[in-house]
Amino acid sequence: RLRTWDSRSQVHEPVDRNFRQAFSELDRLKDKLAVGDAVIEKAAYVYRKALEKGLVRGRSISALVAAALYAACRDTETPRTLKDVANASNIKKKDVARCYRLLIRELDLKMPVVDPVKCVARIASKAGLTEKTKRKALEILKKAEEGKISAGKDPMGLAAAALYVACVMNGENKTQKDVAEAAGVTEVTIRNRYKGLKTHLKL
Amino acid sequence: MPQTKPMVSIENVVASATVNQTVNLNLITQIFPDVEYHPDQFPGLVFRLKAPKTATLIFSSGKMVCTGAKSEEQAIKAVRNVVQKLRKGGIPIENDPIIEIQNIVASASLGGKIHLELAARILPRSMYEPEQFPGLIHRMLDPKTVILLFASGKLVCTGAKKETEVYRAVTNLHTLLEEKNLMIYES
DNA sequence: AGCTTACTTTGAAAAGC
DNA sequence: GCTTTAAAAAGTAAGCT
């Protein structure tokens, strides 16, 4: 059944072994990252394509699996950062990123750009922010988003800054440090994004 | 529609060369105290020139790599200069170097800001990952170059082997961006 | 809060691990 | 794939005052 993936290959067994190992790693990552079956299925599909194209040769299977999973998260808009995937797989973030770019290039994948709106929920729950603040942050992001101040900026930094501003407006006692840690960005980044937000929204 | 013609600056030219003979790197180290040579970490010796400000890697095979020049001509001049200095220092080099330009890096500014997110969806062979890098990476087929495009309208073009290819690449991209309405003039 | 320094991305060659 | 060189773009990061 598995050998139909590449009927032209004379060495089916190694391919079988490779994919079994990849799939067991995907299963392990599934629990660590708490992603659904649909994401894992997409990751397996991407990995299989990479295997068929010979992209795994001379490369770490684990790094490719991690990159395929990250690609699946991106494709399904499942909010998992590169850092999340790197930590769960024990692979350097830089290596996962490099493999991810390789997959995008070689398999001609088109990924939606990470939406800062999707980042808000994660940061808010990690920092223990209220639903009201979350809503406010979403409003701020919506206004800011196509005021073109988001181009080139890290979506996490934008979401964190919007949440921080929302906290101040709602009188929630959260520091920049609290939000920064929950978002995985520095306080400096929140301040820099805040400047742009303040200027654009005349806050 | 371009309000302004793109301003292009050649920032770095990489050239490879060979004198078709082996050279004694340890001897160069003795005669030129300012060179860097750590064979345990890299097989090339680093020979720096103050003008043009360049760094030339010299290998025992007689092959070299010159980086840092601001033009094709400067890169060629730099390599000839290095060979001349080696000869004056007493390093026996019979032939003149055969030089080849390998890569040209340039920066440029288009006349307006860019809608990167839209560009990422419309331009083929492009990738835009703001969490990893602020620029849109576009692989152009003709001339075969890679362009890093930023929201400000500034860009970096690399991969060209001729200065004319750089200008062609920038013009091609500028035209493409305008055709697809991805440029935002004014402000 | 600044300032400095430094790292992310792109391309290509060199010799060898 | 890595090592070393150079340079730009803009964002983010870290250390120090």
Side-chain angles (χ1 to χ4, degrees), chain A residues 57-60 63 82 93-95 97-99 101-102 105 150-158 160 176 180 183-193 195-196, chain B residues 8-18 22 25 36-49 52-70 74-75 78-79 99-110 114 116 127-140 143-161 165-166 169:
Chain A
R57 285 180 187 175
R59 261 178 273 261
S60 152
L82 254 185
K93 178 182 164 187
K94 186 178 176 180
D95 291 330
R98 198 179 57 221
C99 286
R101 274 182 247 116
L102 178 89
R105 272 202 305 277
S150 43
K153 274 82 170 182
D154 179 356
M156 275 295 188
L158 285 167
Q176 288 186 359
V185 299
T186 64
E187 293 167 68
V188 177
T189 294
I190 289 187
R191 270 176 237 134
N192 289 338
R193 288 309 118 244
K195 288 175 192 168
Chain B
V8 180
S9 298
I10 304 296
E11 305 287 355
N12 184 26
V13 175
V14 180
S16 60
T18 179
T22 60
L25 301 186
E36 291 171 37
Y37 181 42
H38 305 293
D40 52 312
Q41 99 180 189
F42 190 69
L45 175 155
V46 184
F47 194 112
R48 293 167 199 285
L49 278 187
K53 189 183 171 222
T54 53
T56 299
L57 304 178
I58 305 174
F59 300 83
S60 58
S61 63
K63 292 191 175 182
M64 315 177 172
V65 172
C66 174
T67 62
K70 296 294 187 187
Q74 247 187 47
V79 173
I99 309 164
E100 233 186 313
I101 301 300
Q102 298 291 165
N103 184 31
I104 295 177
V105 181
S107 62
S109 184
L110 304 178
I114 313 294
L116 286 189
M127 187 178 346
Y128 172 50
E129 300 281 333
E131 322 88 277
Q132 297 173 49
F133 189 70
L136 169 319
I137 302 167
H138 181 253
R139 285 158 203 284
M140 190 174 283
K144 187 176 179 270
T145 52
V146 172
I147 291 175
L148 308 182
L149 181 62
F150 300 85
S152 64
K154 291 188 177 181
L155 61 85
V156 171
C157 174
T158 185
K161 281 187 157 58
E165 291 176 351
V166 172

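In the text below, chain A, chain B and the rest are named by the order of the sequence lines, each starting its count at 1.
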Asks: Using the side-chain heavy atoms of B:Val14, tell me which of these nucleotides is nearest: C:dA15, D:dA6, C:dT9.
Replies: D:dA6
Asks: What is the distance, to the nearest angstrom, from the OH atom on B:Tyr128 to the P atom on D:dA9?
Replies: 18 Å
Asks: If the P atom of D:dC2 is compared with that of C:dC7, how far apart are they to the nearest Å?
Replies: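 Nearest-Å result for D:dC2 against C:dC7 at atom P: 16 Å.
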Asks: Once you round to the nearest 0.5 Å, how far does OH of B:Tyr37 lie from CZ of B:Phe47?
Replies: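 If we round to the nearest 0.5 Å, B:Tyr37:OH and B:Phe47:CZ are 15.0 Å apart.
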Asks: Report yes if a side-chain nitrogen or oxygen of A:Lys94 is closer than 4.0 Å to either non-bridging phosphate oxygen (OP1 or OP2) of C:dT8; otherwise report no.
Replies: yes
Asks: Using a cut-off of under 3.5 Å, enumerate the N/O to N/O pairs linking the protein to nucleotides 15-17 of chain D.
Replies:
none

Asks: Using a 4.0 Å heavy-atom cut-off across all strands, classify A:Gly184 as base, sugar-phosphate, or nothing.
Replies: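 Result for A:Gly184 = sugar-phosphate.
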Asks: Please report the distance, rounded to the nearest Å, between CD in B:Glu100 and P in C:dA12.
Replies: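 Answer to the nearest Å: 13 Å.
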Asks: NA contact type, A:Val185, heavy-atom cut-off 4.0 Å: base, sugar-phosphate, or nothing?
Replies: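 The residue A:Val185 makes sugar-phosphate contact but no base contact.
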Asks: Between D:dA14 atom C1' and A:Arg191 atom CZ, what is the distance in whole Å?
Replies: 13 Å
Asks: Both B:Ala151 and B:Phe59 contact DNA chain D. Which one's nearest nucleotide lies toward the 5' end?
Replies: B:Phe59
Asks: Reckon B:Leu155 touches a base, only the sugar-phosphate, or nothing at all at heavy-atom distances under 4.0 Å?
Replies: nothing
Asks: Within the 4.0 Å heavy-atom criterion, would you say B:Ser60 contacts the bases, only the backbone, or no part of the nucleic acid?
Replies: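 Nothing: the residue B:Ser60, judged by heavy atoms under 4.0 Å, touches no strand.
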Asks: Measure the spacing between CD1 of B:Ile99 and OG of B:Ser16 and express it to the nearest 0.5 Å.
Replies: 9.5 Å
Asks: What's the gap between D:dA8 and C:dA13 when it is taken at their P atoms, as a whole Å value?
Replies: 22 Å
Asks: To the nearest angstrom, how far is A:Asp95 atom CG from D:dG1 atom P?
Replies: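 Taking CG of A:Asp95 and P of D:dG1, I get 11 Å after rounding.
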Asks: How far does CD of B:Glu11 sit from OG1 of B:Thr158, to the nearest 0.5 angstrom?
Replies: 11.5 Å
Asks: According to a strict under-4.0 Å criterion, is A:Arg98 in side-chain N/O contact with OP1 or OP2 of D:dG1?
Replies: no
Asks: Which one, C:dA15, D:dA10, D:dT5, comes nearest to the side chain of B:Ser61?
Replies: C:dA15
Asks: Kindly point out which of C:dA12, C:dT10, D:dA9 is positioned nearest to the side chain of B:Phe133?
Replies: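 So the side chain of B:Phe133 is nearest to D:dA9.
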Asks: Establish, with yes or no, whether the OP1 or OP2 oxygen of D:dA7 is under 4.0 angstrom from a side-chain nitrogen or oxygen of B:Lys53.
Replies: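 For D:dA7, OP1/OP2 do have a side-chain N/O of B:Lys53 under 4.0 Å.
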Asks: Considering every strand and a 4.0 Å limit on heavy-atom distances, what is the contact class for B:Gly135: base, sugar-phosphate, or nothing?
Replies: nothing
Asks: When you match A:Lys195 and B:Thr158 each to their closest nucleotide on DNA chain C, which lands nearer the 5' end?
Replies: A:Lys195
Asks: Starting from P on C:dA12, measure out to CG on B:Asn103 and report it in whole angstrom.
Replies: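 Distance, rounded to whole Å: 7 Å.
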Asks: Pick base, sugar-phosphate or nothing for A:Arg193, based on heavy-atom distances below 4.0 Å to the nucleic acid.
Replies: sugar-phosphate
Asks: Taking atom CZ of B:Arg48 and atom CG of B:Leu57, what is their separation to the nearest 0.5 Å?
Replies: 9.0 Å
Asks: For B:His138, does its backbone N or O pair with a side-chain atom of B:Tyr128 as donor and acceptor, under 3.5 Å?
Replies: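 No.
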Asks: Distance check, rounded to the nearest 0.5 Å: A:Leu82 atom CG versus B:Glu131 atom CD?
Replies: 7.0 Å
Asks: Find the distance B:His138:NE2 to C:dT9:P and express it as a whole number of Å.
Replies: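 Answer to the nearest Å: 20 Å.
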Asks: Establish, yes or no, whether a centroid distance under 6.0 Å links the rings of B:Phe133 and B:Phe150.
Replies: yes
Asks: Please report the interatomic distance NZ(B:Lys161) to CG(B:Asn103), rounded to the nearest 0.5 Å.
Replies: 7.0 Å
Asks: List the steps and the verdict of side chain to side chain contact (heavy atoms under 4.5 Å, CB included) for B:Ile147 and B:Cys157.
Replies: CA-CA 4 Å; B:Ile147 291 175; B:Cys157 174; 4.1 Å; yes
Asks: Taking the nucleotide of DNA chain D with the nearest heavy atom to each, does B:Pro130 or A:Gly58 sit closer to the 5' end?
Replies: A:Gly58
Asks: Where the side chain of B:Glu11 is defined as all heavy atoms beyond and including C-beta, which of D:dT12, C:dA15, D:dA8 is the nearest nucleotide?
Replies: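 Out of D:dT12, C:dA15, D:dA8, the nucleotide with an atom closest to B:Glu11's side chain is D:dA8.
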Asks: Starting at the 5' end of DNA chain C, what dot-bracket string do you get if Watson-Crick and G-U pairs under 3.5 Å are bracketed, crossing pairs use [ ], other-strand pairs use | and unpaired bases use dots?
Replies: ||||||||.|..|||||
Asks: From the set D:dA6, D:dA13, C:dA13, return the single nucleotide nearest to any side-chain atom of B:Asn12.
Replies: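 Of D:dA6, D:dA13, C:dA13, D:dA6 is nearest to the side chain of B:Asn12.
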Asks: Name the residue from B:Leu148, B:Leu149, B:Val146, B:Ile137 that meets the side chain to side chain contact (heavy atoms under 4.5 Å, CB included) definition with B:Val156.
Replies: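 Of all the options given, the one that passes is B:Leu148.
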Asks: When you measure from the side chain of A:Thr186, which nucleotide among D:dT12, C:dG11, D:dA14 comes out closest?
Replies: D:dA14
Asks: From the list D:dG1, D:dA14, C:dT10, which nucleotide is the closest neighbour of the side chain of B:Val146?
Replies: C:dT10
Asks: Within this structure, what is the CD-to-C1' distance between B:Glu36 and D:dA6, rounded to whole angstrom?
Replies: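 Spelled out: CD on B:Glu36 to C1' on D:dA6 is 13 Å.
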Asks: Start at the 5' end of DNA chain C and walk down; is the nucleotide closest to B:Ala17 or to B:Phe150 reached first?
Replies: B:Phe150
Asks: In whole angstroms, how far is the C1' atom of D:dA10 from the CD atom of B:Glu129?
Replies: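 Interatomic distance, CD of B:Glu129 to C1' of D:dA10: 16 Å.
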Asks: If the C1' atom of D:dA9 is compared with that of C:dG2, how far apart are they to the nearest Å?
Replies: 23 Å
Asks: Is there a side-chain contact between B:Pro130 and A:Pro155 in this structure, where contact means two heavy atoms from C-beta onward sitting under 4.5 Å apart?
Replies: yes
Asks: I want to verify a distance call: between D:dA6, C:dG11, D:dT5, whose nearest atom is closest to the B:Leu57 side chain?
Replies: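 Shortest atom-to-atom distance from the side chain points to D:dT5.
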Asks: Of B:Leu49, B:Val14, B:Ile58, B:Thr54, which is the lone residue that meets side chain to side chain contact (heavy atoms under 4.5 Å, CB included) with B:Cys66?
Replies: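 For B:Cys66, the side chain to side chain contact (heavy atoms under 4.5 Å, CB included) test succeeds with only one of B:Leu49, B:Val14, B:Ile58, B:Thr54, which is B:Thr54.
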Asks: Work out how far the C1' atom of D:dT5 is from that of C:dT4, and round it to whole angstrom.
Replies: 23 Å
